[in-house]
Structure formats: structure tokens, C-alpha cells
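Working notes, structure below.
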Amino acid sequence: MRILGLDYGDRKIGVAVSDLFGWTAQGLEVVERRRDGSEMQRIADLVRENEVEEIVVGLPKNMNGSIGPRGEICIDFADKLKEMLKLPVHLWDERLTTVSAERTLIEADVSRKKRKQVVDKMAASLILQNYLDSKTKG
């Protein structure tokens, strides 16, 4: 059973997918958000192509655990996905995943230009991997 991980941002959506066993997350691509909402169709295509049965959407919480405006936007996005795809959609605390992804890429000496291209995909991988890890512990 494959699970899709999404890092929903202002302009881009990082996408990651699990292996068949649900053990590891791999970055898949970055989907550009469009005014016409065509990113929803691209996500639906990725779900079908990868035989995804569940989706995890990163939920940006404030450091005190409360949900701010960005979090509300992600909840709305998750609800739309659930309605459109008829699949379970889970929200996962994503605090600091983009920061962590950025730090990892800097430590790996990846150029700023290349970092911009992969940071969203990597953040989606971290969100999904953290979710997968929590399932194997419990």
C-alpha cells in the first residue's frame, strides 16, 4: 500500500511517495500551484499512477502547537483532496521540516539554485517519513 506525502506551500506542492511496504519515503516531484487549480488534477494523476491508498498532508503548526492561517489553508486543501479522491487524508505536524530539509541540503553543499528546486520535494519526504515511522512504532 503506497502513501503520498504532500508539503503544501504558497506556490509549490512538494510530493513524496512511500515504497510498497510503507517503510521509506522518496521525493517524487514538485507541483506548481496554478490559478486554475490544475494542481489538483496532477495530484489525482500521481495518486492513480502510483496506486496510492492514503495521503499525508503536512500541517504547519505554530511553535506553541496552535494552528494559524497557513494551517487553516492546509486543512482546507486536505478536505478538498479527501472529497475529490475519496481516500483517507491525514494531517501531520510538519513543524521545521522545510528548515530541516534546507539544513540537510546546505550540509550536503548543494547550491542555492539547486536547493530551491528540491527543498519542497525533500520536505514532503520528511513529512511522509515521519508519518511512516510513527506507524511502525505504534
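Every value quoted in this text rests on a predicted model; they were computed, and no experiment measured them.
Exactly one of Leu91, Leu128, Leu6 qualifies for a side chain to side chain contact (heavy atoms under 4.5 Å, CB included) with Ile55. That residue is Leu6.
Contacts classified as ring-ring contact (aromatic ring centres under 6.0 Å, His included) and involving residues 37-77 (residues at least two apart or in different chains) are given here: Tyr8-Phe77.
Salt-bridge formation is not detected for the pair Asp19/Arg2: no Lys NZ or Arg NE/NH1/NH2 atom is positioned less than 4.0 Å from an Asp or Glu carboxylate oxygen.
Put simply, CD on Glu94 and CG on Asp7 are 5.0 Å apart, with the number rounded to the nearest 0.5 Å. Between the CG atom of Asp120 and the CZ atom of Arg115 there is a distance of 13.0 Å, given to the nearest 0.5 Å.
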**Request:** Decide salt bridge (Lys or Arg N to Asp or Glu O under 4.0 Å) for Glu54 and Lys135; before the verdict, give the C-alpha distance in whole Å, the side-chain angles of both, and the deciding distance to 0.1 Å.
**Result:** CA-CA 13 Å; Glu54 274 181 69; Lys135 287 183 69 156; 3.6 Å; yes
**Request:** Determine, step by step, whether Arg95 and Asp93 satisfy the salt bridge (Lys or Arg N to Asp or Glu O under 4.0 Å) criterion, reporting the C-alpha distance in whole Å, the side-chain angles of both residues, the deciding distance to 0.1 Å, and the verdict.
**Result:** CA-CA 6 Å; Arg95 277 179 280 188; Asp93 185 352; 2.5 Å; yes
**Asked** Do Asp10 and Arg70 pass the salt bridge (Lys or Arg N to Asp or Glu O under 4.0 Å) test, and can you show the C-alpha distance, the side-chain angles, and the key distance before you say yes or no?
**Response** CA-CA 9 Å; Asp10 290 330; Arg70 284 264 354 115; 2.7 Å; yes
**Message:** Please determine whether salt bridge (Lys or Arg N to Asp or Glu O under 4.0 Å) holds for the pair Arg42 and Glu29, giving the CA-CA distance in whole Å, both sets of side-chain angles, and the decisive distance to 0.1 Å.
**Reply:** CA-CA 11 Å; Arg42 180 64 190 139; Glu29 69 178 70; 2.8 Å; yes
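Side-chain contact between Leu132 and Ile3 is present, with at least one heavy-atom pair separated by less than 4.5 Å.
For Glu83, the CD atom counts as loosely surrounded, since its 6.0 Å shell holds 12 or fewer non-hydrogen atoms of other residues, nucleotides or ligands.
When only modelled atom types and interatomic distance are considered, Ser100 and Glu102 share no side-chain donor-acceptor pair under 3.5 Å.
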